[in-house]
Amino acid sequence: MRWVRGIVIVAALLLLWQIIVWITGAPHFILPGPVRVAVAWWVHHPALFHHASITLLEIGLGLFFGVLLGCLSAVVLAYSRPARLWLMPVLVASQAVPVFAIAPILVLWLGYGIASKVAMATLIIYFPVVASFFDGLRRTEPNWIDLARTMQASPWAILRHIRIPAALPSLASGIRVAAAVAPIGAVVGEWVGASAGLGYMMMHANGRMQIDLMFAALLTLAVFAITIYFLLDVILRHMIPWQPDALSND
Amino acid sequence: MSLTDFRNQPAASQNVSLHGATLRYGSALLFENLTLNLLAGQTTCLLGPSGVGKSSLLRLIAGLEPLTAPTIFTGPEDTPGKNIAYMAQQDLLLPWLSALENVLLGSRLRGGPADRMRALGLLESVGLAGHETVRPAKLSGGMRQRVALARTLMEDRPLVLMDEPFSSLDAITRMNLQDLAADLLRDKTVLVVTHDPMEAVRIADRILIMQGQPAELREVPVAPNPPPRDPASRAVLDAQGDLLRELAAIEVPG
């Protein structure tokens, strides 16, 4: 049933796209139709896959470092009052700086290779992970901690066996957000300055008026981003089976 | 492993006494210079109006409230909170652990060896054989509180502190668990905070009423036969009536 629904949604969107092309009569260098984009995709698919693999690597590494750093920071914040007092304002203030504005600086410092894009994705992922995991860590059921204290548990044991597991559903929410925004970080980095990746390919195609190829790259990116999101969602559900899900019977 | 095996385990109970206990919440003085004696191997039930400080007194002995005045504590250790087992109104089962793993929580937290055989035996003795691998979400409220009881017994401490342990259960489940607890905790020194006069009348060796501000304790008589007592017997019903009258006569502070 889920598959049928997915196919129906995709088919409806493609049809809507084609109808808009027919009604507006837009030239193909402004809005190419789905067939034209499909042809461009087929012609260029080896290059598209090559660039997609680079963007995927950037997203994957960004997710890895962003989640790792985010988790460590959240644990430090949860356990150290000075860290909360001194780092929390810095963290919040850092979010006031648009990531897009940092991208040129990162490219300047880290170069045109994947390092600047990984840094970009890491930066954009970091905050949602810290915020959600920290929130989970601070909202541990106090009675669990009381019970653990009567069992002579050390603060480290309480962290490891109670607070961290209890915060995993919150962390999972943060990772889902991270999975959704990670491609933005990677692609913005590629727009600003790169020699490979889907974002670079889109800029390149745009510059040469290959709008059909630009759309093909965009769709490829969308498919990969959605796949990453749902893969992570399945993995997270599998890892946190005790998490209550009020919508699971839909 | 049968029930009797556990009773022969060590952890001999002893008298527990608390002198000079004082506790404030903000400007309110809950109790001051309070003395509480718990007799070895006996179950003491503590009743009184809400907010009088019953749970706070229990938490003080559990080491969960800071001592604000010089308090003399004689018990399994010289400071409160050591060598006790604690059971609360909520089952406090960790949702990501199975029933068996929850029973073994103490050894998991202390990083010590886990006596799985004893834990399995305890789960059997609380009537949960066959549910060892089940997570708490799949258990009923009564079953969850049985797991919590097994976890409390697993700690095998001479002093057991229970804070309204069965108050969230329906009447029949509560009665069954009272029987079970009275049976399994027979040789322990137990303090039970409860709002349910019938519970006190059924399982207590001694009943204390806490009242006033700052609060004081006084003992009221219990039915002569040993617990757990038949809830339908004349003596128990009379005792419940007397206790209800005692409690209803207390002027509730604030």
Side-chain angles (χ1 to χ4, degrees), chain A residues 71 74-75 78-79 81 132-176 232-250, chain B residues 55-56 58-66 76-77 79-99 101-112 114 133-139 147-148 151-152 154-157 159-165 168:
Chain A
C71 288
V75 170
Y79 265 77
R81 200 177 126 79
S132 60
F133 195 32
F134 176 61
D135 198 43
L137 286 172
R138 72 195 297 184
R139 285 190 293 109
T140 317
E141 166 69 66
N143 292 315
W144 284 344
I145 295 176
D146 280 349
L147 176 70
R149 283 170 58 199
T150 68
M151 291 173 162
Q152 313 297 319
S154 65
W156 163 244
I158 291 176
L159 175 70
R160 182 173 159 213
H161 293 296
I162 296 184
R163 295 186 74 174
I164 287 180
L168 287 182
S170 303
L171 173 63
S173 307
I175 293 179
R176 285 190 186 95
L232 264 176
D233 188 51
V234 168
I235 293 169
L236 290 171
R237 273 169 203 273
H238 192 74
M239 286 173 68
I240 311 173
W242 69 87
Q243 185 178 20
D245 187 350
L247 304 178
S248 61
N249 291 328
D250 273 17
Chain B
S55 290
S56 302
L58 182 132
R59 288 174 56 83
L60 192 99
I61 303 170
L64 298 172
E65 300 281 347
E77 301 279 340
T79 47
K82 297 278 169 64
N83 222 348
I84 59 115
Y86 173 72
M87 184 168 169
Q89 181 180 353
Q90 309 97 324
D91 50 70
L92 302 183
L93 300 182
L94 299 178
W96 53 90
L97 298 182
S98 69
E101 288 166 333
N102 266 294
V103 173
L104 289 164
L105 180 65
S107 57
R108 178 182 288 255
L109 287 171
R110 291 184 291 270
T133 58
V134 179
R135 286 215 181 87
K138 296 265 186 271
L139 298 172
V147 178
R151 181 189 59 205
T152 310
M154 188 69 203
E155 289 296 288
D156 197 25
R157 305 292 169 170
L159 177 57
V160 178
L161 304 169
M162 303 171 106
D163 194 355
E164 298 187 49
S168 61

When rounded to the nearest 0.5 angstrom, what is the spacing between [atom1] in [X] and [atom2] in [Y]?
{"X": "A:Ile145", "Y": "B:Leu92", "atom1": "CD1", "atom2": "CG", "value": "11.5 Å"}
{"X": "B:Leu109", "Y": "A:Trp156", "atom1": "CG", "atom2": "CH2", "value": "13.0 Å"}
{"X": "A:Thr150", "Y": "B:Met87", "atom1": "OG1", "atom2": "CE", "value": "12.0 Å"}

> What part of B:Ala137 gets closer than 4.5 Å to chain A, counting heavy atoms only: side chain, backbone, both or neither?
Replying inline: neither

>> Given heavy-atom pairs under 4.5 angstrom as the criterion, report whether the side chain, backbone, both or neither of A:Ile240 touches chain B.
In response: neither

> If you draw a 6.0 Å radius around CZ in A:Arg176, do more than 12 non-hydrogen atoms from other residues or ligands fall strictly inside?
Replying inline: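 Yes, because the 6.0 Å sphere around CZ of A:Arg176 holds more than 12 heavy atoms from other groups.
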
> Under a 4.5 Å cut-off applied to non-hydrogen side-chain atoms, are A:Met151 and B:Met154 in contact?
Replying inline: no

>> Below 30° counts as parallel, above 60° as perpendicular, anything between as tilted: where do the rings of B:Trp96 and A:Trp242 land?
In response: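 It falls in the tilted class, 30° to 60°.
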
Testing the basics here: between [X] and [Y], what is the closest heavy-atom pair and its distance to 0.1 Å?
{"X": "A:His161", "Y": "B:Arg108", "value": "NE2-O, 3.4 Å"}
{"X": "B:Leu105", "Y": "A:Leu147", "value": "CD2-CD2, 3.9 Å"}
{"X": "A:Gln152", "Y": "B:Asn83", "value": "NE2-N, 4.2 Å"}

> Among A:Ala157, A:Ser154, A:Pro165, which residue forms the greatest number of heavy-atom pairs with chain B at distances under 4.5 Å?
Replying inline: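 Most heavy-atom pairs under 4.5 Å with chain B: A:Pro165.
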
> Hey, which of B:Leu161, B:Leu97, B:Leu94 has the most heavy atom pairs under 4.5 Å with chain A?
Replying inline: B:Leu94

